[in-house]
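Hydrogens, waters and symmetry mates are skipped; everything else that's a heavy atom, side chains included, is used. Here the structure is a predicted model, which is why all the values come from computation and not from measurement. Lettering of chains follows the sequences in order, A, B, ..., and the numbering in each one begins at 1.
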Amino acid sequence: MSDHATAPVRVRFAPSPTGALHIGGVRTALYNYLLARQTGGTFILRIEDTDQNRFVPGAEEYIYEALDWCGIPPDEGVREGGPYGPYRQSERKHLYGAYAQQLLDSGHAYYAFDTAEELEEMRERLTKEGVPNPQYNYVTRMYMKNSLVLPETEVKERLERGDAYVIRLKIPRKEEIKFHDLIRGWVVFQSANLDDKVLMKSDGMPTYHLANVVDDYLMKITHVIRGEEWLPSAPLHYLLYKCLGWLDVMPKFAHLPLILKPDGNGKLSKRDGDKLGFAVFPLAFTDPETGSVTSGFRESGYLSEALINFLAFLGWNPGTQQELFSLEELVQAFSVERIGKSGVKFDIAKARWYNQQYLHQRASEDLVQFLEQDLVRHGISATQAQMVEAIEIVKEKVNFPTDFWAEAEVLFIAPRHFDQALMEQKWSAELEVVLASFKTALQGLETIDATTAQQLFGASAEGAGLKPGKVALGTRLALTGKGAGPDLWRLISFVGPAQVAKRIDHALEWAKARLPRVG
RNA sequence: GGCCCGUUCGUCUAGGGGUUAGGACGUAUCCCUUUCACGGAUAAAACACGGGUUCGAUUCCCGUACGGGCUACCA
């Protein structure tokens with residue numbers, strides 16, 4: 001495919017460890033991964049933990065577990081190491097100062113000593129004066145406490161005294177900033193609309209912007225694929241590359257369309273999942289502060305291939321009619337050029353469909369674990385062969401492996417309750433005759449296959465002068481207590497002749513005691 | 001409010017100056033089925049609006065409307 005990037009790329013996924021990995025983040029990671037695999041490049045995981053206030057213990061482990069489960073692990077990162085480490089920004093703290101200094105020396109940045117209160121005051125004043133967008137910029141910086149306006153001696157004094165300060169980028173007053181985005185084409189900003197963003201915080205940590213640009217540079221990143229929420233800060237990043245003299249190696253940008261709420265408007269959030277009753281995280285996450293658990297796709301019974309396929313198609317498509325793609329096929333077919341521009345609504349129904357597709361095509365042997373859990377929970381022991389057979393019987397009927405038990409329960413446990421209304425409707429003296437006859441037919445049999453079960457039952461019904469179809473539902477009720485369930489003959493085969501006979505007896509007794517008139 | 005991005009069936013999308021605007025999910029109906037599903041078939045369903053450009057715009061341009069993002073010493 002000619003529109004594919006051919007040179008090996010170096011791409012990164014750079015989440016901050018502030019909680020569970022959002023499903024949009026997984027998609028971003030996936031696209032990065034696909035491009036890396038396709039070009040024989042490198043997929044890097046960099047942890048952006050420059051804000052120690054928002055650090056959440058366990059979040060980094062969660063990110064790794066999620067990527068592993070999805071089958072898209074990084075090539076370089078805090079776990080796997082690599083030639084450009086460390087891959088945790090907090091551990092790279094010592095690296096950023098030099099670049100801030102370079103910016104200071106070249107006049108592209110300056111010290112600012114303003115307190116939070118002073119900044120607040122400035123914004124309030126400007127708002128009152130009717131300034132639409134109060135910001136620290138080429139006008140307002142002249143009225144603030146910074147090295148651009150303070151006498152040189154005072155700046156030196158403050159620095160030596162250890163006054164708290166930040167380093168801000170001196171945004172040019174009037175400059176058109178134009179850069180190319182792989183998805184959106186040329187994007188133009190006016191520097192006058194930008195503000196003098198903080199590069200170095202007063203705690204000595206860089207902000208996202210500086211760390212991100214410096215690390216992408218040092219790690220030789222070739223393509224930055226990230227969410228559209230970063231588009232407004234892209235001109236700032238462009239300026240940083242420019243002021244640092246790195247324009248010739250600036251990565252190509254691709255800003256992904258956002259994943260939106262399924263109903264109303266806005267970005268998909270954790271709350272939407274809670275509200276609409278589906279997962280928005282790959283894995284369940286326990287908030288270490290509150291202890292509250294949020295469910296994940298994995299725990300909801302999604303197969304990772306289904307999630308990946310679903311996610312890949314949220315904003316991208318191959319331009320063909322093919323909908324089902326394995327990870328390997330995605331690697332082959334993916335191209336940044338075919339990523340859409342507009343936000344996409346999150347449609348859980350489509351995810352369910354994908355899950356069903358993958359569930360049905362997966363070998364029953366590989367699904368045993370899902371049934372086993374529930375069997376154990378109910379204290380039922382079953383052989384491997386029995387479990388595989390049970391899954392064979394119920395697999396086509398469910399969307400999630402977590403539904404196996406609900407569907408397979410009647411295979412393992414004799415009914416304790418019968419559907420009263422249906423029984424009253426379907427039970428008859430004729431049925432009792434057929435049941436008794438069928439029971440006799442089963443007598444002495446060790447096992448029975450589905451076909452034989454059907455034949456034997458047919459003979460029993462016809463022996464009573466009835467069409468088998470007329471008493472089939474009643475028989476189902478007798479054997480399972482319910483009006484719907486697995487294929488009757490396969491069920492009989494699975495349960496076995498002896499057990500079926502017992503169930504028939506039980507149903508007969510129940511009918512005697514609980515049904516008004518059996519005439 | 002300001003800046004930026006976007007707009008084809010309900011949803012994900014294909015397409016692209018002249019098409020019966022294609023597919024998938026979902027929905028409905030039918031078939032298959034001695035249940036429920038699966039599977040198969042059919043149906044309803046879209047180019048936001050207004051101006052240009054053009055012989056001709058859903059497609060190109062400009063506005064408007066609507067939606068979204070950003071607007072922190074958060075990422």
Inset, instruction - State the pairing partner of B/G1; accept Watson-Crick or G-U wobble contacts with both distances under 3.5 Å, and report none otherwise. - result: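 The answer is B/U71, by the H-bond criterion.
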Inset, instruction - Can you tell me the pairing partner of B/A21 across any strand shown, Watson-Crick or G-U wobble, with both distances under 3.5 angstrom? - result: none
What's the closest nucleotide to the side chain of [X] if the choices are [options]?
{"X": "A/Pro132", "options": "B/U35, B/G2, B/G23", "result": "B/G2"}
{"X": "A/Glu396", "options": "B/C38, B/A24, B/G15", "result": "B/C38"}
{"X": "A/Gln357", "options": "B/G39, B/G26, B/U13", "result": "B/G39"}

Across the strands shown, which category fits [X] at heavy-atom distances under 4.0 angstrom: base, sugar-phosphate, nothing?
{"X": "A/Gly340", "answer": "nothing"}
{"X": "A/Pro257", "answer": "nothing"}
{"X": "A/Val131", "answer": "nothing"}

Legend entry - Along RNA chain B (nearest heavy atom to each residue), the more 5'-positioned of A/Leu314 and A/Leu194: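 This one resolves to A/Leu194.
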Inset, instruction - Could you pick out which residue, A/Trp489 or A/Gln356, lies toward the 5' side of RNA chain B when each is mapped onto its nearest nucleotide? - result: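 Its nearest nucleotide being more 5', the pick is A/Trp489.
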Parallel, tilted or perpendicular, as decided by the 30° and 60° cut-offs, for the rings of [Y] and [X]:
{"X": "A/Phe113", "Y": "A/Tyr111", "value": "parallel"}
{"X": "A/His237", "Y": "A/Tyr208", "value": "tilted"}
{"X": "A/Phe253", "Y": "A/Phe179", "value": "perpendicular"}

Inset, instruction - For this output row, return yes or no: ring centroids of A/Phe278 and A/Phe346 closer than 6.0 angstrom. - result: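 Ring centres of A/Phe346 and A/Phe278 closer than 6.0 Å.
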Could you give the [atom1]-to-[atom2] distance, from [X] to [N], as a whole number of Å?
{"X": "A/Phe313", "N": "B/A14", "atom1": "CZ", "atom2": "P", "answer": "11 Å"}
{"X": "A/Leu431", "N": "B/U35", "atom1": "CG", "atom2": "P", "answer": "16 Å"}
{"X": "A/Lys341", "N": "B/G6", "atom1": "NZ", "atom2": "P", "answer": "6 Å"}
{"X": "A/Gln322", "N": "B/G22", "atom1": "CD", "atom2": "C1'", "answer": "17 Å"}
{"X": "A/Arg490", "N": "B/U34", "atom1": "CZ", "atom2": "P", "answer": "15 Å"}
{"X": "A/Phe310", "N": "B/U11", "atom1": "CZ", "atom2": "C1'", "answer": "10 Å"}
{"X": "A/Glu392", "N": "B/A37", "atom1": "CD", "atom2": "C1'", "answer": "15 Å"}
{"X": "A/Phe253", "N": "B/C5", "atom1": "CZ", "atom2": "P", "answer": "15 Å"}

Legend entry - Check: A/Asp449/A/Ser493 side-chain N/O donor and acceptor closer than 3.5 Å: no
Inset, instruction - Look at A/Glu175 together with A/Lys242 and state whether they make a salt bridge at an N to O cut-off of under 4.0 Å. - result: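 Salt bridge present between A/Glu175 and A/Lys242.
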Legend entry - Salt bridge A/Glu60-A/Arg88, side-chain N to carboxylate O under 4.0 Å: yes
Inset, instruction - Report, as a single string ordered 5' to 3', how protein heavy atoms within less than 4.0 Å touch nucleotides 69-75 of chain B: B base, S sugar-phosphate only, - not at all. - result: SSB-BBB
Inset, instruction - Decide if atom NZ of A/Lys201 counts as having more than 12 heavy atoms of other residues, nucleotides or ligands within a radius under 6.0 Å. - result: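 Result for NZ/A/Lys201: enclosed.
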Legend entry - Stretch residues 457-475 of chain A: residues that reach within less than 4.0 Å of RNA chain B through a heavy atom: A/Pro468, A/Gly469, A/Ala472
